[in-house]
Amino acid sequence: MKYDHKEVEAKWQKIWEEKGCFHAEENSDKEKFYALIEFPYPSGQGLHVGHPRPYTALDVVSRKKRLQGYNVLYPIGWDAFGLPTENYAIKNHIHPEEVTKKNVARFKKQIQSLGISFDWSREINTTDPDYYKWTQWIFLQLFKKGLAYKKEMAVNWCTSCKCVLANEEVVNGVCERCGSEVVRRVKSQWMLKITEYADRLISDLDLVDYPPRVKAQQINWIGKSMGAEVDFKTTEGDILKIYTTRCDTLFGATYMVISPEHPCIEKWSSRIKNIDEVRAYQNEASKKSDFERTELAKDKTGVMLDGVKAINPVNNTEIPIFVSDYVLISYGTGAIMAVPAHDTRDWEFAKKFDLPIIEVVKGGEDVQKEAFTDCATGVLVNSGFISGLSVEDAKKKMIGWLTENGVGTAKTNFKLRDWVFSRQRYWGEPIPIVHCDKCGYVPIPESELPLKLPMVDSYEPTDTGESPLSKMTDWVETTCPHCGGKAHRETDTMPQWAGSSWYFLRYMDPHNDTALAGKEALEYWSPVDWYNGGMEHTTLHLLYSRFWHKFLYDIGVVPTPEPYAKRTSHGMILGSDGGKMSKSRGNVVNPDDIVEQYGADTMRLYEMFIGDFEKAAPWNEASIRGCRRFVERYFNLQTKLIEGNTIRPELESAFHRTIKKVGEDIENIKFNTAIAALMALMNDITEAGSINKKEYAIFSILMNPFAPHITEEVWSTMQLGEGIIAEQSWPVYDESKCKENEIEIAVQVNGKIRAKLMIPADADQSTAIEIAKNDSNVKKSLENMNIIKEIYVKGRLVNIVVKP
RNA sequence: GCCGGUGUGGUGGAACAGGCAGACACAAGGGACUUAAAAUCCCUCGGACUAAACAUCCGUACCGGUUCAAGUCCGGUCACCGGCACCA
């Protein structure tokens, strides 16, 4: 029999679309299930075979859930604002809106050819004014609650293009496009106070089912630490505030380091004798990103301030102050005390500048030769009133002392920084704020939303570093909603992260024009039951969207504190050379070619069979043929069909075990072994030589989530019933029928395999050991030996421990 | 550098909670069918020893440890991947 995948797949895709098979029901009594994938960025390159991996995975889950009677929401949309589209538009003189439209159309066609059961009636697009109306609305609520504010922040500035660059556009310190020098330049930016939610973003991880590695990454990213702020007096009479998690080591602080951006430098400029040297250093530091500054154990640079010194509050010793770029202004207070004996960076710095190294925690080798950093459990020495205490006790006593003397307090700190929310770009949501000289920053009235992105002739960056919108004088000049006076609009736009921070809510009620989604829909569908996405989104998108959701929860818009009940992560699909798929490597595989040659069902099976879903796997064209062969073997079972409406006894155990395995594996994201189990069952059926209707029906349903087209086709030609999707009957297994009567166990002597034996499955320890000892090879190993111990692991093995 | 992860045959991978390493596939080799090829079906397939089988020994990146038993747990090393806040 010949299987024509093109005809069959087109036929069923048409039927599904016409019948609206995958539309989530609106007012259903059924239990809901909301599956979510990270919506794609419609790039100009089109889909590559990496995209469908997560889509297919949750499609398998969604289809199985539908067969189990759930009301499933499995939506898709487009995360369409962003830099590449804008750059493409600039280069080719096509409006970004046109580019987006074209890219979306292509992506959509490609995705639809895979037979993914998305509910296309809920398709959304972040660049659609009806959508970003609500992105802007959320921003206004944040603003009203004081969570959006303006702050001077460093940006990458290309000295030649005269524009702000994204980090990605800076390669080795120069502009990616023109190769000119890039410097850090300070600009006033909109910020969102995600730090206000830092504690809850950690503690509420207890409420959700995320992989441990995702939780760990988020917790470390937020970086909560309990420490102290300590005031160091300076010879200038004023105070230098530092943050430390190790206030117990204060007696070992032999110098201080401030960041090149620290305001004290300006304040003391007249007293710093080597101010020119310091300024030159500041200038050099402005060329580096935070990453470059803190990266690598490479040479520590710095300049000592000549003319100002600090005084260590615990022993009144004068210590020098350095400026060095490994201290960042954005973390803590932008100043640290350095304890070279117990910190590697400080130690290297002290060696280079020949500064004293004083051991304050006992237990290491010679601190003059190497820093002793593994000292969280040691005992304090050379530390006055805390000498002899454990680190824990010393910290407590020191905080007490600092507080009593008014020179410090306990302080919790976070590595997490507030979210820089403005971009000097065209292709993003306009920030709905007006600046009035009299009233300051004023939100535009909600009734005026959406504030539409105006059509401009040129979306190229301006020479001044302002957004292209700033050239639109008609649009920029407006009146203040508050006082009615002259005012101008904010011309910066939002980052791409804005639209993706709440899109899952819009899917619940995508056409609502009075709210981001209706109360009822939010109540019914929240939270997302299963969200799959890439590990690369763990610390930005995933955290940002949790932050927005918590904010919306606080203002009573959404009913749950967390947006996603469960999160899973897929591994990347690599090129056949084992490298990341990219145009430049020339290893990109287009799914269209695979669908054309092998069909969508084969493509889906291969994507799921390729390896552990959570791990990266290289694409291998040859392996696809194995999946195609499996599909054909399934199809050709029709020639071996016999009558019968119960599973035959010889296949009963195999069927029940497979039903169990496939169901469990899908829930546990072990799609590869679910397919392996189906293949194994196929081998059992082949061995049996025939298949009856009942068996074929069960096999078809089990395979349907992976290969939906061919299974429906077989179901319909064999007239097994109304249709797999229509019948909603995922098979149920009987635990007692999964078991076999006889099982093979391994027999070990001293942990070495000496025999493999069949024993009754229900054999107890003494029976199993008895049978084991009777094996001739085992007997040989036991000769002249004394038995010390006998171990039986039920259904697995016997181990006899002996000694001569 | 810091945070998180990964490392198993020629290849992709499997191995419940510490209990038979290599399931299920791919590739390769041999055979059947065929005038022939493709397709299909059957057999072999980690290494050493062996004519072959049995048996035995070695083998899950590397070094060491815990245990009756380690791919799995612990300590260390190396290599690779993801993230590092304006790519998405």
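- Defined by atom type and a distance below 3.5 Å, a donor-acceptor pair is missing between the side-chain atoms of A:Asp612 and A:Asn672.
- Closest to the side chain of A:Val801, out of B:C26, B:C68, B:A88, is B:C68.
- Atom CZ of A:Arg177 and atom P of B:C86 are 17 Å apart (whole Å).
- Across all strands shown, A:Glu169 has no heavy atoms under 4.0 Å from either base or sugar-phosphate atoms.
- For B:G4, neither phosphate oxygen OP1 nor OP2 lies less than 4.0 angstrom from any side-chain nitrogen or oxygen of A:Lys215.
- In this model, the phosphate group of B:C26 is not approached by any side-chain N or O of A:Asn620 to a distance below 4.0 Å at OP1 or OP2.
- Using a 4.0 Å heavy-atom cutoff across all strands shown, A:Glu614 reaches no nucleic acid atom at all.
- Heavy atoms of A:Val155 sit under 4.0 angstrom from at least one base atom.
- Distances shorter than 4.0 Å separate some side-chain N or O of A:Lys752 from OP1 or OP2 on B:C58.
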Please tabulate the protein-to-nucleotide N/O contacts below 3.5 Å involving nucleotides 18-24 of chain B, giving atom names and distances.
residue : atom : partner  : partner atom : Å
B:G19   : N2   : A:Asn799 : ND2          : 3.4
B:C20   : O2   : A:Lys756 : NZ           : 2.9
B:C20   : N3   : A:Glu744 : OE1          : 3.4
B:C20   : N4   : A:Glu744 : O            : 3.1

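- With B:U56, B:G13, B:C3 as the candidates, the nucleotide lying closest to the side chain of A:Asn777 is B:U56.
- Under the side-chain hydrogen bond (donor to acceptor under 3.5 Å, both in side chains) test applied with A:Asn532, the options A:Glu38, A:Arg53, A:His570 reduce to a single match, A:His570.
- Paired with A:His5 under the rule side chain to side chain contact (heavy atoms under 4.5 Å, CB included), one option of A:Gln597, A:Met603, A:Glu632, A:Arg628 passes, and it is A:Arg628.
- Across all strands shown, A:Arg628 has no heavy atoms under 4.0 Å from either base or sugar-phosphate atoms.
- Each of A:Gln424 and A:Gly611 was assigned the nucleotide of RNA chain B with the nearest heavy atom; the assignment lying further toward the 5' end belongs to A:Gly611.
- Residue-level contact check: A:Leu83 touches the backbone only, with heavy atoms under 4.0 Å from sugar-phosphate atoms and none from bases.
- Using a 4.0 Å heavy-atom cutoff across all strands shown, A:Leu416 reaches at least one base atom of the nucleic acid.
- In this structure, a donor-acceptor pair under 3.5 Å is absent between the side chains of A:Arg625 and A:Asn620.
- Counting any heavy atom pair closer than 4.0 Å across all strands shown, A:Ser422 reaches a base atom.
- Heavy atoms of A:Pro618 sit under 4.0 angstrom from primed sugar atoms or phosphate atoms, though from no base atom.
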Under-3.5 Å N/O pairs linking protein and nucleotides 38-49 of chain B:
none

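- Counting any heavy atom pair closer than 4.0 Å across all strands shown, A:Val747 reaches no nucleic acid atom.
- Nearest to the side chain of A:Lys780, among B:A85, B:A14, B:A55, sits B:A55.
- A tilted orientation is assigned to the rings of A:His48 and A:His51, their planes being inclined by 30° to 60°.
- Counting non-hydrogen atoms under 4.0 angstrom, A:His537 reaches a base of the nucleic acid.
- Base contact: A:Lys415 has a heavy atom under 4.0 Å from a base atom.
- The phosphate of B:G82 (OP1 or OP2) has no side-chain N or O of A:Arg213 nearer than 4.0 angstrom.
- When distances run from any side-chain atom of A:Trp497 to the nucleotides B:C86, B:G82, B:G7, the shortest one goes to B:C86.
- Spacing between atom CH2 of A:Trp221 and atom C1' of B:G82 amounts to 12 Å, rounded to whole angstrom units.
- Within 4.0 Å (heavy atoms only), A:Arg625 reaches sugar-phosphate atoms of the nucleic acid but no base atom.
- You'll find that the side chain of A:Lys789 is closest to B:C68, out of B:G12, B:C68, B:G4.
- Distance from the side chain of A:Leu540 is smallest for B:C84 among the nucleotides B:C87, B:C84, B:C3.
- With both pairing distances under 3.5 Å, B:U77 is matched to B:A61 as a Watson-Crick or G-U wobble pair.
- A straight line from CE of A:Met572 to C1' of B:C87 spans 13 Å, rounded to a whole angstrom.
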